[in-house]
Amino acid sequence: MKKLSTILELVNVNKHFGGIHAVQDANIEIEKGTITGLIGPNGAGKTTIFNLITGFYPLSSGEIFFKGEKLQPGNAPHQMLRKNIYRSFQITRDLAKITVLENLLIAPVNQLGENIFNNWFNKSGVRKEEDGYKEKAMEILGFLDMEDKADEYAGNLPGGERKLLELGRMMMVEPELVLLDEPGAGVPPGMQKKVNDRVRELNEEKNITFLVVEHDMAVIMNLCDPILVLVNGTKLTEGNAEEIQNDERVIKAYLGE
Amino acid sequence: MIAYIAALLCMGSVYAIITLGYNLQWGYTGLFNLSVFGLAAAGGYTSVILTGATAGGRLGGYGLPFIIGLVGAAMVSGLLGGLIGMATLHLEFGFFAISTLGLGMTIQIILKNEQWLSNGVWGIGGIHKPLSGFVGNDLSNWVYGILAFLIMLLIFYLLERVVKSPWGRIQMAIKEDEKLTEMLGKKVFSYRFQSLVLGSMIIGIGGAMFAHYQGYINPMSYTDIMMCFLPLLMVVAGGSGNNKGSIVGAFVIWGAWSVSEMVAGYLPISSAKIPHIRTLVVGIVIISLLRWRPTGIIGREQAVSSTAKNKDIIAS
Amino acid sequence: MQKKKIITCITILIFVFVVSFTGLAKAEDYKVGTIWPMTGTAAAFGEAITNACTLVQDYVNEAGGIHGNELKIINRDTGSEPTKGVDAARKLINVNKVPAIVGCYSSGVAMGVSQGVTIPNEAVFVTLGTSPMISVVKDNDYFFRASAHDLYNGRVLGEAMYNDGHKEIGIVYVNNAYGKGIADAAAVTFSKIHDGKVVAKVPFEIGKSSYSSEIRRTYQNGDIDATLIIAYPEDATVMHKEIYANGWDDIPWYGSPDQKVPELIDSLGAEYMEGIVLGSTQGRWPGASKDSFMEGYNKKYGEYPPKPYMAPGFDGLVSVVLAIARSGKAPGEVTGQDVRDNIRAVTSEPGEKIYATVEGFKKAFALLEEGKEINYIGASGNVEYDKYGDAMSAIQTWTIEDGEIITIENIIPDPVPRDLMPPEYQAE
Amino acid sequence: MLGSIVNGIILGSIITLGGLGISYILLIQNYFNFTGGTFFTLGAYLAFAFLSIIPMGSFPVVSFGPGLILALILSMIVLAIIMTAVDKFLYQPLRKRNSPFMFFYLTAFGMLFVLRSLIYLIWGPQLKNYISGVRKTYHLAGGINISPDEIFVVLATLIIVGIVYYFQYYTKLGKAMLATANDSRLAEISGIKNKHVHTTVTIIAGVLTATAGVFYGLAIQLRPIMGFTLLMAMFFAVVCGGDGAILGTLGAGLIIGITQEFGSEILQVIFDSTGIPIEMSGYKQVLAFLLLIVILTTKPHGIFQGTFLER
């Protein structure tokens with residue numbers, strides 16, 4: 001296990017909903033360049049942690065740091081990508097009614113054409129920029145083996161390709177940290193390998209850090225190192241696949257006491 | 001007959017303008033705004049107050065040219081749209097709908113009660129159509145219809161410029177998935193706000209065009225059924241998120257609405273019952289279409305992209 | 001795929017369009033349009049008044065039609081809304097080519113129809129709207145009114161209250177053109193023409209479930225001797241229940257034209273209504289026209305509903321029909337101008353008095369063919385259109401005895417002088 | 001002046017019942033039922049129709065008799081059947097297809113047209129009453145006037161809300177409803193049949209709506225647009241109360257009723273005494289509406305948000 005600098009750090013993070021403690025004193029550190037897995041039984045607060053990191057929920061208490069800089073509390077979800085954090089969702093969220101190509105084109109931040117007036121008064125500038133992004137998008141689609149699907153509606157893609165599309169969208173912005181929520185959900189087994197390969201490739205080639213939440217143990221064991229185990233909103237243990245599988249506490253937590 | 005076609009052209013174009021504005025809000029951004037009638041009324045009254053020649057004791061009588069009236073209508077409706085947005089945009093779908101409906105009603109109630117502003121229940125009459133002095137009455141409907149159609153086309157062109165662009169793409173994305181769009185670094189509130197204001201400005205222009213066509217307006221000229229539900233139906237009929245569809249939807253629905261009444265007149269039923277039977281049929285038609293033709297009455301939902309291969313979306 | 005659907009839709013539309021025109025009245029019919037509220041807030045009045053108009057059609061056709069051609073009434077719905085009303089009128093003018101339209105119960109709709117459709121298209125529009133504003137519309141004399149307007153109604157109510165010895169009154173009125181008109185006129189009559197005092201003048205909105213705050217403001221601002229309640233029957237019922245609950249039911253109240261309906265008695269009970277109501281409404285003028293109208297109505301539709309404004313609607317249509325007859329033109333050639341130019345001649349002196357019976361119509365058409373003058377005496381009054389185009393028809397005062405609506409008298413009052421009214425009533 | 005509070009409470013009771021009908025539909029099916037107001041009218045008219053065949057009879061004190069109660073029960077049953085049929089035939093296919101929200105709203109609009117025209121066609125536009133005549137009224141201290149009928153309406157509302165509350169939180173079916181509202185997928189996995197829940201909800205909504213309609217007819221009158229004019233107020237109650245929160249809807253209904261009646265009167269007195277020329281009567285609804293906006297700005301999910309739902 002190569003030890004690099006910490007990229008994301010959760011310090012004493014708490015989150016209550018009414019009387020329920022969804023996250024309790026979570027202290028988590030994510031090392032740069034890893035593919036960290038986050039597992040735990042239902043209701044362990046995995047997705048809540050994602051929502052806390054990205055600012056969808058306000059913290060009840062505690063702090064979150066990204067690259068040593070305070071991320072939460074304070075930042076809104078739309079600022080994440082500007083800080084080079086990308087997040088995917090549990091249920092694949094693709095924009096079903098626009099095309100695959102456009103699903104990629106929407107990702108870059110601060111496009112000229114995002115300002116309404118540029119579309120009336122600076123059309124040529126918008127077009128020029130758009131052409132540049134199109135080229136990049138086609139390259140990415142090539143990398144994902146989805147070139148022929150560029151003009152297909154995203155809603156018509158099979159589950160696995162939707163995951164790939166999500167990766168593609170992420171590649172458009174080349175973030176430093178990616179929060180992947182259940183990359184295995186709804187993906188046929190054949191496709192899963194492809195998704196995993198792409199994730200690993202991106203991790204190695206572009207040095208992107210991944211934080212992965214997953215239900216499917218096979219996926220996690222195969223993909224992630226290290227793996228964090230979360231129970232009742234608290235970090236239970238941390239280790240590589242083998243260690244986790246043999247940890248009694250983990251087995252207990254999953255089977256119930 | 002020919003004159004009636006001119007009338008259909010006028011009303012069709014007026015509704016097409018309102019529908020284009022509404023389509024931006026609902027069809028692209030997914031804002032279920034139910035204050036359309038209030039915004040249209042605000043536009044109509046603004047234009048009438050600015051362009052009217054006389055005003056007995058109320059605000060207005062500035063006698064400004066028609067085009068200034070339209071610009072003023074767009075400004076005031078846009079401003080009101082912005083205020084409505086600030087008050088309600090943070091709410092969820094249904095809550096937003098109810099709140100905007102209430103704000104639309106508030107605009108209507110103010111227009112009804114504040115005599116110094118809108119002449120209250122008496123309404124404002126003697127509104128002139130532009131150019132009607134030059135061409136006489138027979139032609140004025142045609143002139144106005146063509147003018148309205150041209151204004152509608154201009155709005156259509158300007159809208160197409162922005163919706164088929166990264167800006168429009170973001171609006172589509174917001175309609176589909178607000179959270180994802182937020183995650184992609186787009187400030188959803190700001191884009192919704194822009195869509196609401198721009199749409200409101202267009203609706204205001206539509207309301208002003210309506211006022212100048214009617215010749216007389218009072219607060220009841222802009223009712224929720226005629227000025228909010230009907231445009232909504234037009235948007236859905238034309239396929240939400242489809243500007244061309246909206247225009248077709250506006251003309252077809254208005255034509256059907258207007259003509260159906262004449263057809264009903266030939267049924268062998270007591271004339272007092274006919275209007276109710278007509279609304280009954282309209283209701284049944286709406287329900288049946290949604291039940292058996294859920295893909296839209298005329299068009300399907302269309303993407304921003306013109307390059308899309310397969311026009312049918314399999315997934316929901 | 002999509003284009004095909006659009007084309008199909010448009011084809012169907014055009015087909016419907018064509019069908020709707022082939023089913024039109026025969027070319028040799030004289031056509032007159034009517035627009036009444038069949039839906040919406042004023043729907044309760046539409047049916048009866050449509051029946052009254054059908055009665056005119058029956059009489060005229062029974063009398064052999066106008067110069068041998070049948071009369072055809074084309075009726076449309078105003079929906080009690082300007083938008084729908086204007087669209088309905090536009091179809092009558094543009095598609096059915098009627099030279100004249102009779103109709104509109106609400107002033108707001110009538111203003112829209114006249115300024116949006118009939119005046120620019122030079123068609124005659126005879127309305128029943130009671131707003132005083134209708135008189136001052138710049139109309140090139142195409143805009144008539146068969147009923148007495150608020151300045152008459154308000155005068156009668158104001159005079160009645162003053163003459164009954166009341167010195168301080170409260171007025172509560174429905175906040176629309178109709179209610180505001182009568183309220184203003186009655187208040188001016190009471191306080192400016194006479195030396196009475198209007199203690200409170202309170203508007204209210206229709207359709208609410210409680211009017212207690214309005215009622216309290218009306219009754220508690222001072223010791224009032226009487227109240228004038230200008231409300232539709234639905235809202236009047238709600239108010240009276242609250243007046244009763246507050247124990248103010250011993251203060252006499254006066255009602256507006258719309259309250260002359262049996263529903264109000266049903267709702268409040270004959271006992272409550274007994275003898276304490278005095279209202280004004282559009283009158284019926286004793287004579288052959290009134291008898292013929294009421295008997296004909298009873299015969300054809302069962303019971304004659306004591307609803308307001310039926311007689312003037314009837315008269316308005318008759319005067320248009322007679323004007324068409326006097327113009328002597330063939331069915332397709334009658335224009336709005338012809339109706340306008342003849343409508344005063346057939347309803348005023350000189351000429352032989354004509355009543356709205358089958359025989360009366362026969363006689364009228366015969367006289368007109370001979371080139372002689374006629375003078376129609378209507379069911380609602382003399383029906384004489386003044387310089388504003390307003391008919392000087394009778395105002396009826398009514399009360400309730402034994403659960404029945406009883407007419408006190410039919411009078412033709414002077415209107416409230418316009419210069420006493422607030423500025424918005426002055427002619428522009 | 002205090003009398004306005006009483007009026008507000010009566011209006012609030014009716015709003016609460018109608019609002020709960022809408023609230024249940026919103027809770028489970030996630031759309032604001034625009035037809036709610038028209039079902040409300042239909043419920044009232046159905047009872048009116050039954051009353052023409054059922055003899056009214058008489059109770060002591062109140063002005064109506066057992067006939068009205070029977071008519072109310074029949075109206076509840078018929079309306080529940082109608083609403084279930086509408087749900088089965090129109091909304092279920094939409095749910096199955098996962099149709100966009102808009103389709104539910106448009107279907108509701110279509111239903112509104114159909115029902116309203118049917119009411120006009122069957123009963124005509126005229127005003128109707130269950131009982132004619134003014135009622136006996138108690139005059140209490142502080143200018144409060146209340147008739148036995150109105151007391152009945154308020155008490156019956158409280159009892160019904162109590163029953164619904166018990167059902168919701170203390171019965172198996174009620175808990176199943178909550179589970180479905182929280183997460184329909186999860187509830188289905190744990191053995192709750194969505195279909196049954198939908199039917200139950202619709203039946204409850206029908207019963208509540210019919211009761212609200214009949215109470216409105218009893219306390220005020222019957223007219224074809226009565227439900228539509230009250231629809232906004234019902235929506236406000238649902239929104240302010242928090243969707244699905246029974247006590248919340250009751251509280252919000254009463255607050256809205258009292259704000260409209262009492263609040264507007266207080267403001268009117270203030271305006272009159274300071275000489276500001278504003279007539280509050282037109283702005284009653286606006287007042288309730290401003291309240292709604294204020295509440296939503298501070299609490300986006302209503303006053304009683306989170307009583308049992310975590311959204």
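Proteins get letters first, then strands, A, B, ... in listed order; numbering begins at 1 in each.
Contacts of B:I107 with chain D are absent, with no heavy-atom separation under 4.5 Å from either backbone or side chain. Looking at B:T88, only its side chain comes within 4.5 Å of chain D, counting heavy atoms on both sides. Only the side chain of D:I293 has a heavy atom closer than 4.5 Å to any heavy atom of chain B. Contact annotation for B:L91: only side-chain heavy atoms (C-beta onward) come within less than 4.5 Å of a heavy atom of chain D. Contact annotation for B:I225: only side-chain heavy atoms (C-beta onward) come within less than 4.5 Å of a heavy atom of chain D. For D:F32, the part sitting under 4.5 Å from any heavy atom of chain B is the side chain, from C-beta outward, and nothing else. B:L232 touches chain D through its side chain: at least one heavy atom from C-beta onward sits under 4.5 Å away, while N, CA, C and O do not.
For B:Y15, the ring-ring contact (aromatic ring centres under 6.0 Å, His included) partners at least two apart in sequence or on another chain are B:W254. Applying the salt bridge (Lys or Arg N to Asp or Glu O under 4.0 Å) test to D:E279 and every residue at least two apart in sequence or in another chain returns C:R217. Taking D:F89 as the reference, B:R291, B:W292 meet the side-chain contact (heavy atoms from CB on, under 4.5 Å) condition, with sequence neighbours excluded.
Between B:E182 and B:K187, none of the side-chain N atoms (NZ, or NE/NH1/NH2) sits under 4.0 Å from a carboxylate O, so this pair counts as no salt bridge.
Listed for the B:D224 side chain is no donor-acceptor partner under 3.5 Å among the backbone atoms of B:M227.
For an aromatic pair to be called close, the ring centres must be under 6.0 Å apart, and B:F37 with B:Y222 fails this. For D:F39 and D:F34, the gap between ring centers reaches or exceeds 6.0 Å.
Side chains of D:F228 and D:L112 form a contact here, defined as non-hydrogen atoms less than 4.5 Å apart.
Of the listed residues (D:Y31, D:Y91, D:F235), the one with the most heavy-atom contacts under 4.5 Å to chain B is D:F235.
Of all residues spanning residues 270-278 of chain D, none has a heavy atom less than 4.5 Å away from chain B's heavy atoms.
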